[in-house]
Colleague: 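Sharing a structure below in structure tokens format, with a few things to ask.
Below, each value reflects all heavy atoms present in this structure, side chains not excepted, and no hydrogens, waters or symmetry copies.
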Amino acid sequence: MIYGDMHRKRETALKKVKDAIEEHGGTTILATGITGDDARFALAAVQAGARLLEPNHPAVALARGYKGVTNMHDAEDIRHEVPLEEMVKVTQGVRAVVGPDIYITVGVPGSFTEVLPTVFTEEQAYELSRAGADGIHTHKSTLDDLREMVDICHKYGLLVDAYIAHPADRHLFGIPAETPAQVAEIAKQMQDIGVDMIGLMTGMSYEGVAAGEIHPEVRRRLEALLKSVNVPTLAEGGINDKNFRAFIGTGVNILVVGTAFDDVARNAVRGMVKTFLGR
């Protein structure tokens, strides 16, 4: 059996996360979007100091132009169709260029609440673990589904980061909780079933927010999460270079940043092309 080996693999992965949090003064980043789906940008992020990376299937669908999608909202609708084999290849590529000391968590078909039934199997967990994944990035919307994910992932040496969402969110990226009290209760239940890292969806749009502050309701929800668990915590959704400082000092350990990187890359390419064309 491999239980001992897989327990040790999870311990090693969690140490990567905790070391990154400590290295960056209590709050680090999980780089995703283009920095997760493209090995060149993953390496650039790591060279700049990022220690946590997240390839995921909607970002890969967008990067590959799968079915002609050109924005993340549309990519979310067809993400379940991305072949698992593609995510294995992406994981292998990113791991190959960033080395063994970087934490990689992967979102794959079936690890989210998908539009159509999509099963995440033990065989897939094994493939991803062998490909170099340290964890699975999950957005399941029920505790029963999440418990099954935890059982499968832990069996094959993978940590699980999972999220609490607001029921009014455009895409349901986690267990729904309407009030801070519900956030606290669900967070405790998630920790009890073995979730290794627990995050809060901030309720911001993909385009981010102009103001450099956290909405008061988001802050109350975040405080409820932080007071309820002792595992590493995350905040995800619309975090960019204009508002990220508002999260520093709240106690949240990891800021998930993706679209902000995508926007910078797009704008840089547009600007350089205009330069070459003399416009």
Colleague: Do Tyr103 and Ile254 sit in one hydrophobic cluster, given that two such residues count as connected whenever their side-chain heavy atoms are within less than 4.5 Å of each other, even indirectly?
Modeller: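 Yes: a chain of side-chain contacts under 4.5 Å links Tyr103 to Ile254.
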Colleague: Answer with yes or no whether the hydrophobic clustering places Leu143 together with Val150; edges join I, L, V, M, F, W, Y residues whose side-chain heavy atoms lie under 4.5 Å apart.
Modeller: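 Leu143 and Val150: one cluster.
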Colleague: Between Ala20 and Thr28, what is the shortest heavy-atom contact and its length?
Modeller: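 That closest heavy-atom pairing would be O-CB, 3.8 Å.
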Colleague: Just by modelled atom types, is the Gly237 backbone N or O under 3.5 Å from a matching donor or acceptor in the Thr202 side chain?
Modeller: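 Between the backbone of Gly237 and the side chain of Thr202 there is a qualifying donor-acceptor contact (under 3.5 Å).
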Colleague: Answer whether the closest heavy-atom distance between the side chains of Thr27 and Phe247 falls below 4.5 Å.
Modeller: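 No - every pair of side-chain heavy atoms lies 4.5 Å or more apart.
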Colleague: Kindly determine whether Lys15 and Glu11 satisfy side chain to side chain contact (heavy atoms under 4.5 Å, CB included), including the steps that lead there.
Modeller: CA-CA 6 Å; Lys15 186 176 186 302; Glu11 286 184 333; over 6 Å; no
Colleague: Transitively linked via ILVMFWY side-chain contacts under 4.5 Å: Val106 with Val90?
Modeller: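 Val106 clusters together with Val90.
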Colleague: Can you tell me how far CD1 of Ile152 sits from CD1 of Ile136, rounded to the nearest 0.5 angstrom?
Modeller: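 Result: 10.0 Å between the selected atoms.
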Colleague: Glu122: what forms a salt bridge (charged side-chain N to carboxylate O under 4.0 Å, His left out) with it, not counting sequence neighbours?
Modeller: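 Testing Glu122 for salt bridge (charged side-chain N to carboxylate O under 4.0 Å, His left out), a comparison that skips the adjacent residues, returns Lys155.
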Colleague: Set out, in order, the CA-CA distance, both residues' side-chain angles and the distance that settles side chain to side chain contact (heavy atoms under 4.5 Å, CB included) for Gln191 and Asn230, then state yes or no.
Modeller: CA-CA 8 Å; Gln191 181 171 268; Asn230 53 31; 3.0 Å; yes
Colleague: What pairs with Thr233 under side-chain contact (heavy atoms from CB on, under 4.5 Å), at least two apart in sequence or on another chain?
Modeller: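 Listed in chain order: Leu225, Leu226, Val229, Val252, Asn253.
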Colleague: So which atom in Phe261 and which in Thr32 form the shortest heavy-atom distance, rounded to 0.1 Å?
Modeller: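 That closest heavy-atom pairing would be CD1-O, 3.9 Å.
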Colleague: Out of curiosity, Ile164 CD1 to Ser228 OG, how far, rounded to the nearest 0.5 Å?
Modeller: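 The OG atom of Ser228 is 8.0 Å from CD1 of Ile164, to the nearest 0.5 Å.
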Colleague: Nearest 0.5 Å please: distance from the CD atom of Glu148 over to the SG atom of Cys153.
Modeller: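 Taking CD in Glu148 and SG in Cys153, the distance rounds to 10.0 Å.
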Colleague: Looking only at atom types and distance, does a side-chain atom of Asn243 sit under 3.5 Å from a main-chain N or O of Asn240, one as donor and one as acceptor?
Modeller: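 Yes, the answer is positive, given that a donor and an acceptor are paired below the 3.5 Å cut-off.
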Colleague: Counting distance only, does the side-chain N/O of Arg221 pair as donor-acceptor with the main-chain N or O of Val183 below 3.5 Å?
Modeller: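 Not at all, since once roles are kept as given, no pair shorter than 3.5 Å links the two residues.
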Colleague: Do Thr259 and Met72 touch side chain to side chain, with heavy atoms closer than 4.5 Å?
Modeller: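 Counting from C-beta outward, Thr259 and Met72 never come under 4.5 Å.
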Colleague: Mind checking side-chain contact (heavy atoms from CB on, under 4.5 Å) for Arg95 and listing every partner two or more places apart, or none if nothing turns up?
Modeller: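 Checked Arg95 against side-chain contact (heavy atoms from CB on, under 4.5 Å); matches are Lys16, Val98, Ile102, Ile104, Asp134.
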Colleague: Provide the closest heavy-atom pair for Ala61 versus Val69 in the form atom of the first, atom of the second, distance.
Modeller: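 That would be O-CG2, 3.6 Å.
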Colleague: So, do Met197 and Leu234 sit near enough that their side-chain heavy atoms are less than 4.5 Å apart?
Modeller: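 Met197 reaches Leu234 side chain to side chain.
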Colleague: By the definition side chain to side chain contact (heavy atoms under 4.5 Å, CB included), identify the one residue from Val17, Leu159, Val195, Ile198 that meets it with Val231.
Modeller: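 Filter result, single survivor: Ile198.
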Colleague: Who pairs with Glu217 by side-chain hydrogen bond (donor to acceptor under 3.5 Å, both in side chains), at least two apart in sequence or on another chain?
Modeller: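 Only Arg220 meet the side-chain hydrogen bond (donor to acceptor under 3.5 Å, both in side chains) criterion with Glu217.
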Colleague: Does Gln124 reach the main-chain N or O of Thr121 with its side chain, forming a donor-acceptor pair under 3.5 Å?
Modeller: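 Yes: the side chain of Gln124 pairs with the backbone of Thr121.
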Colleague: Sequence neighbours left out, what passes side-chain contact (heavy atoms from CB on, under 4.5 Å) with Asp37? Give chain and number order.
Modeller: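 Asp37 satisfies side-chain contact (heavy atoms from CB on, under 4.5 Å) with Ile34, Ala59, Val60, Ala63 only.
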Colleague: Would a distance-only check, ignoring hydrogens and angles, find a side-chain to backbone donor-acceptor pair under 3.5 Å from Asp74 to Asn71?
Modeller: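 Answer holds: no.
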Colleague: How close do Pro232 and Ile21 get, heavy atom to heavy atom, and via which atoms?
Modeller: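 Looking at all heavy atoms of both residues, the shortest contact is CB-CD1, 4.1 Å.
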Colleague: What's the separation between atom CZ in Arg8 and atom CZ in Arg10, rounded to the nearest 0.5 Å?
Modeller: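 The distance works out to 12.5 Å.
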Colleague: Hey, any chance Ile29 and Val46 share a hydrophobic cluster, counting ILVMFWY side chains that come within less than 4.5 Å of each other, even indirectly?
Modeller: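 No, Ile29 and Val46 fall in different hydrophobic clusters.
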Colleague: Under the side-chain contact (heavy atoms from CB on, under 4.5 Å) rule, collect the residues that match up with Val264, sequence neighbours excluded.
Modeller: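 So Val264 forms no side-chain contact (heavy atoms from CB on, under 4.5 Å) with any residue.
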Colleague: Are any of the side-chain heavy atoms of Asp151 and Arg147 separated by less than 4.5 Å?
Modeller: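 Touching, per the 4.5 Å side-chain cut-off.
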Colleague: Quick one: does Thr91's side chain have a donor or acceptor within less than 3.5 Å of a partner on Met87's backbone?
Modeller: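 Yes; judged by distance alone, with no hydrogens or angles, the pair exists.
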Colleague: Could you tell me whether Arg130 atom CZ has more than 12 heavy atoms of other residues or ligands within 6.0 Å of it?
Modeller: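 No, because the 6.0 Å sphere around CZ of Arg130 holds 12 heavy atoms or fewer from other groups.
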Colleague: Checking one residue: Leu277. Which other hydrophobic residues are in its cluster under the side-chain 4.5 Å linking rule?
Modeller: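 Besides Leu277, the hydrophobic cluster comprises Val269, Val273, listed by chain and residue number.
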Colleague: May I have the list of side-chain donor-acceptor pairs in residues 108-117 shorter than 3.5 Å, sequence neighbours left out?
Modeller:
| residue | atom | partner | partner atom | Å |
| --- | --- | --- | --- | --- |
| Ser111 | OG | Val108 | N | 3.0 |
| Ser111 | OG | Val108 | O | 2.9 |
| Ser111 | OG | His137 | O | 3.0 |
| Thr113 | OG1 | His139 | O | 3.3 |
| Thr113 | OG1 | Ser141 | N | 2.9 |
| Thr113 | OG1 | Ser141 | OG | 3.0 |
| Glu114 | OE1 | Arg79 | NE | 2.6 |
| Glu114 | OE2 | His57 | NE2 | 2.8 |
| Glu114 | OE2 | Gly110 | N | 3.0 |

Colleague: Can you list everything that forms a ring-ring contact (aromatic ring centres under 6.0 Å, His included) with Phe120? Sequence neighbours excluded, please.
Modeller: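 Phe120 satisfies ring-ring contact (aromatic ring centres under 6.0 Å, His included) with no residue once adjacent residues are dropped.
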Colleague: Residues in side-chain hydrogen bond (donor to acceptor under 3.5 Å, both in side chains) with His80, at least two apart?
Modeller: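 Not a single residue meets the side-chain hydrogen bond (donor to acceptor under 3.5 Å, both in side chains) criterion with His80.
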Colleague: How long is the span from the CG atom in Leu14 to the CG atom in Asp19, to the nearest 0.5 Å?
Modeller: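 The CG atom of Leu14 sits 9.5 Å away from the CG atom of Asp19.
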Colleague: Minimum heavy-atom separation for Thr138 and Ala162, please, with both atom names.
Modeller: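 Heavy-atom minimum between the residues: OG1-CB, 3.2 Å.
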Colleague: Show the numbers, then the answer: is there a side chain to side chain contact (heavy atoms under 4.5 Å, CB included) between Leu146 and Val160?
Modeller: CA-CA 9 Å; Leu146 183 54; Val160 173; 4.3 Å; yes
Colleague: Using modelled atom types only, decide if a donor and an acceptor are shared between the side chain of Arg219 and the backbone of Thr250 within a distance under 3.5 Å.
Modeller: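 No; judged by distance alone, with no hydrogens or angles, the pair does not exist.
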Colleague: Strictly by salt bridge (charged side-chain N to carboxylate O under 4.0 Å, His left out), give each pair with a member in residues 47-64 just once, sequence neighbours left out.
Modeller: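 Qualifying pairs, neighbours excluded: Arg64-Glu86.
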Colleague: Closest heavy-atom contact between Val257 and Ile239?
Modeller: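 What the structure gives for the nearest pair is CG1-O, 3.9 Å.
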Colleague: Treating Ile, Leu, Val, Met, Phe, Trp and Tyr as nodes and any side-chain heavy-atom pair under 4.5 angstrom as an edge, say whether Leu158 and Met149 lie in one connected cluster.
Modeller: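 Same cluster: Leu158 reaches Met149 through Ile, Leu, Val, Met, Phe, Trp or Tyr contacts under 4.5 Å.
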Colleague: With ILVMFWY side chains joined below 4.5 Å, transitively, what does Val119's cluster contain besides itself?
Modeller: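 Noted: Val119 shares its cluster with no other residue.
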Colleague: Going from CG on Leu200 to CG on Leu222, what distance comes out if it is rounded to the nearest 0.5 angstrom?
Modeller: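 One gets 6.0 Å once the value is rounded to the nearest 0.5 Å.
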